[in-house]
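Residue numbers start at 1 and run along the sequence shown. Excluded from the calculations below are hydrogen atoms, water molecules and symmetry mates; all remaining heavy atoms, backbone and side chain alike, are included.
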Amino acid sequence: YDPSPFNWFKSATVAYKRGNFEEAIGAYERAVIIAPYLHEARLGLAKSYYQMGRTVEAEQQLKAALENTAVPETKWLYRAKLNALSQEAL
C-alpha cells in the first residue's frame, strides 16, 4: 500500500499513455480514495472512461473534477469538456 496519491497518479498516467485504461482507472481511483480533492485524478478518470466509451462515468468524473478545483481557468476548461461531451451525446 502506498499512501501517496501522487505515486498512484503517476502510475495511472503511465498506464493511460500506454493505452492500459483499466489499469489507469484502478490507479486513478486509488489516488482519489487517498485524496478526493485531487481534481487532476478525476480528470484522468474521465479521460480513461471516455477512451473506453463509458461516457456516463466520464461525465460524472468531469463534474467531480470541476467541483474540486478553485482555479478559474481550470473550471472553464472542465466546463468546456463537459459541454463537448454533452454535445457529442446528442
Side-chain angles (χ1 to χ4, degrees):
Y1 173 77
D2 187 344
S4 171
F6 300 106
N7 290 337
W8 289 111
F9 181 81
K10 182 177 177 182
S11 175
T13 302
V14 169
Y16 180 87
K17 288 180 180 178
R18 291 184 179 158
N20 298 330
F21 304 120
E22 287 286 346
E23 182 180 333
I25 288 169
Y28 282 130
E29 285 177 344
R30 287 186 180 117
V32 167
I33 288 168
I34 297 167
Y37 53 84
L38 196 62
H39 65 92
E40 297 90 346
R42 298 286 187 168
L43 177 62
L45 279 167
K47 289 171 32 180
S48 299
Y49 283 131
Y50 180 81
Q51 289 297 326
M52 296 178 68
R54 296 167 61 180
T55 56
V56 172
E57 291 97 331
E59 182 178 6
Q60 291 169 342
Q61 291 303 322
L62 274 172
K63 287 178 180 178
L66 177 61
E67 292 173 6
N68 284 297
T69 186
V71 179
E73 294 84 5
T74 306
K75 284 185 176 286
W76 181 87
L77 177 66
Y78 291 164
R79 284 189 189 110
K81 289 181 179 294
L82 277 167
N83 187 45
L85 189 59
S86 66
Q87 292 297 318
E88 185 177 301
L90 297 177

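Considering only residues two or more places apart in sequence or on other chains, E23 meets the salt bridge (charged side-chain N to carboxylate O under 4.0 Å, His left out) condition with none of them. Every residue two or more places apart in sequence or in another chain that forms a side chain to side chain donor-acceptor pair (under 3.5 Å) with N7 is listed here: D2. With sequence neighbours left out, the salt bridge (charged side-chain N to carboxylate O under 4.0 Å, His left out) criterion links K63 to E59. For Q60, there are no side chain to side chain donor-acceptor pair (under 3.5 Å) partners two or more places apart in sequence or in a different chain.
Other members of the hydrophobic cluster containing Y28, listed by chain and number, are F9, Y16, F21, I25, V32, L45, Y49, M52; membership follows side-chain contacts under 4.5 Å among ILVMFWY residues, whether direct or relayed.
Applying the side-chain hydrogen bond (donor to acceptor under 3.5 Å, both in side chains) test to residues at least two apart or on different chains, the pairs with a partner in residues 31-48 are H39-Y78, R42-Q61. Counting only residues at least two apart or on different chains, no salt bridge (Lys or Arg N to Asp or Glu O under 4.0 Å) pair has a member in residues 24-36.
P3 and I34 make their closest contact through O-CG2, 3.4 Å (heavy atoms, listed as atom of the first residue, atom of the second, distance). Nearest heavy-atom pair, L62 versus A46, reported as atom, atom and distance to 0.1 Å: CG-CB, 3.7 Å. The minimum heavy-atom distance linking A31 with L38 is given by the pair CB-CD2, 4.4 Å.
V71 places none of its side-chain heavy atoms less than 4.5 Å from the side chain of K75. Counting heavy atoms from C-beta on, the side chains of L66 and L82 come closer than 4.5 Å. Annotation: side chain of L77 is in contact with side chain of K81 (closest heavy-atom distance under 4.5 Å).
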